[in-house]
Amino acid sequence: IECGSWTGHSALWFSHRVGRVVSMDVDTRSADEVRAANPTMPVVFLEGSSTEVRNAKGIADWAACYGRVMVVLDSDHHADHVAEEIRLYGPLVTPGCYLVVEDGIAEWMPEEDYEGPLQAIERELADNPAWRRNIDIEQLSPISMHPAGWWEKL
């Protein structure tokens, strides 16, 4: 499950590695080029807000059809939005799989002046016994856009 499709390239990359992908964004038109070039890719692009409960419910119903579920959060990077995505999609992650919170680096970007993904991680995941931060995976890419972003479901 991917929240934040943007151009669709990450969904395509995921589909080559794990098969089925559902990707949601408020505007999926930018993924049209990827869809046109890869008409058989196993990706479902859904248009809408990832924090709208009916959309999350539809994705949960889709995820229930599959044995293993991973979630990548890469849409609106404001802390409240990311925290809500963690609450909505975190329960869908199967034990041993990952919730990846992208772009925690936004906190250090001079053009960004808001609480971002790292604050949501601190609120929702850091002391949550259902999750373990996987520093080993994070260290595979020591210069990263997603510090503290890899969380394994226990």
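If you read the sequence from its start, that first residue is 1, and numbering goes on from there. Heavy atoms only: backbone and side chains are in, while hydrogens, waters and symmetry mates are out.
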Participant: For Asp76 and His78: C-alpha separation, side-chain torsions, deciding distance, then whether side-chain hydrogen bond (donor to acceptor under 3.5 Å, both in side chains) applies.
Facilitator: CA-CA 6 Å; Asp76 180 335; His78 288 85; 2.7 Å; yes

Participant: Taking all non-hydrogen atoms of both residues, which atom of Gly104 and which atom of Pro117 are closest, and how far apart?
Facilitator: CA-CB, 3.9 Å

Participant: Report yes if some heavy atom in the side chain of Phe14 is under 4.5 Å from a heavy atom in the side chain of Val72; otherwise report no.
Facilitator: yes

Participant: Begin from the C-alpha positions of Val21 and His16 and carry the test side chain to side chain contact (heavy atoms under 4.5 Å, CB included) through to its verdict.
Facilitator: CA-CA 10 Å; Val21 175; His16 286 299; over 6 Å; no

Participant: Check for me, please, whether Leu88 and Leu125 land in the same ILVMFWY cluster - side-chain distances under 4.5 Å, paths through other members count.
Facilitator: yes

Participant: Closest approach of Ser49 and Met24, non-hydrogen atoms and distance?
Facilitator: O-SD, 3.6 Å

Participant: Count I, L, V, M, F, W, Y as connected when their side-chain heavy atoms are under 4.5 Å apart, and connections chain through other members. Are Val100 and Leu12 then in the same cluster?
Facilitator: yes

Participant: Hey, could you give me the CD/CD distance between Glu124 and Glu84, rounded to the nearest 0.5 Å?
Facilitator: 8.5 Å

Participant: Would you call Pro147 and Ile105 a side-chain contact if the rule is heavy atoms closer than 4.5 Å?
Facilitator: yes

Participant: Mind listing the closest non-hydrogen atom pair of Ala83 and Ala120 along with its distance?
Facilitator: N-CB, 3.6 Å

Participant: Can you tell me how far apart CG (Asp136) and CD (Glu152) are? Round to the nearest 0.5 Å.
Facilitator: 10.0 Å

Participant: Tyr89 side chain to Ser50 main-chain N or O, any donor-acceptor pair under 3.5 Å?
Facilitator: yes

Participant: Apply the side chain to side chain donor-acceptor pair (under 3.5 Å) test between Ser75 and each candidate in His81, Glu102, Glu2; give the one that qualifies.
Facilitator: His81

Participant: Say whether, by atom type as modelled, one donor and one acceptor occur between the side chain of Gln119 and the main chain of Gly116 under 3.5 angstrom.
Facilitator: yes

Participant: Hey, is CZ on Arg29 packed in by over 12 heavy atoms from elsewhere, all under 6.0 Å?
Facilitator: no

Participant: Please say whether more than 12 non-hydrogen atoms of neighbouring residues, nucleotides or ligands are located less than 6.0 Å from CH2 in Trp6.
Facilitator: no

Participant: Does Arg35 make a cation-pi contact with Phe45 (under 6.0 Å, within 45 degrees of the axis)?
Facilitator: yes

Participant: Using the rule that Ile, Leu, Val, Met, Phe, Trp and Tyr join whenever any side-chain heavy atoms are under 4.5 Å apart, tell me whether Val71 and Val26 fall into a single cluster.
Facilitator: no

Participant: State whether the side chain of Lys153 and the backbone N or O of Leu99 hold a donor-acceptor pair below 3.5 Å, judged by distance alone.
Facilitator: no

Participant: Work out which heavy atom in His146 is nearest to a heavy atom in Asp103; give both atom names and the distance.
Facilitator: CB-N, 3.8 Å

Participant: If you count heavy atoms of other groups shown closer than 6.0 angstrom to CG of Asp127, is the number above 12?
Facilitator: no

Participant: Determine the minimum heavy-atom distance between Val43 and Ser15, stating which atoms define it.
Facilitator: CG2-CB, 3.7 Å

Participant: Which heavy atom in Leu73 sits nearest to a heavy atom in Val82, and how many Å separate them?
Facilitator: CD1-O, 4.3 Å

Participant: Using a cut-off of 6.0 Å, state whether more than 12 heavy atoms not belonging to Glu47 lie near its atom CD.
Facilitator: yes

Participant: Using a 6.0 Å cut-off, check whether atom CZ of Arg87 has over 12 heavy atoms from anything other than its own residue.
Facilitator: yes

Participant: Using a 4.5 Å cut-off on heavy atoms from C-beta on, say whether the side chain of Leu92 contacts that of Ile1.
Facilitator: yes

Participant: Is there a path of hydrophobic side-chain contacts, each under 4.5 Å between heavy atoms, that joins Tyr98 and Trp13?
Facilitator: yes

Participant: Please tell me whether Ile137 and Met70 are part of a single hydrophobic cluster in this structure, the criterion being side-chain heavy atoms less than 4.5 Å apart.
Facilitator: yes

Participant: Show, in sequence, the C-alpha distance, side-chain angles and deciding distance for Trp131 and Val93, and conclude whether the side chain to side chain contact (heavy atoms under 4.5 Å, CB included) test is met.
Facilitator: CA-CA 10 Å; Trp131 298 96; Val93 177; 3.7 Å; yes

Participant: Between Thr94 and Val69, is there a donor-acceptor pair closer than 3.5 Å when you use the side chain of the first and the backbone of the second?
Facilitator: yes

Participant: Hey, could you give me the CZ/CZ distance between Arg20 and Arg68, rounded to the nearest 0.5 Å?
Facilitator: 13.5 Å

Participant: Should Ile121 and Arg133 count as side-chain neighbours, where that means a heavy-atom distance under 4.5 Å?
Facilitator: no

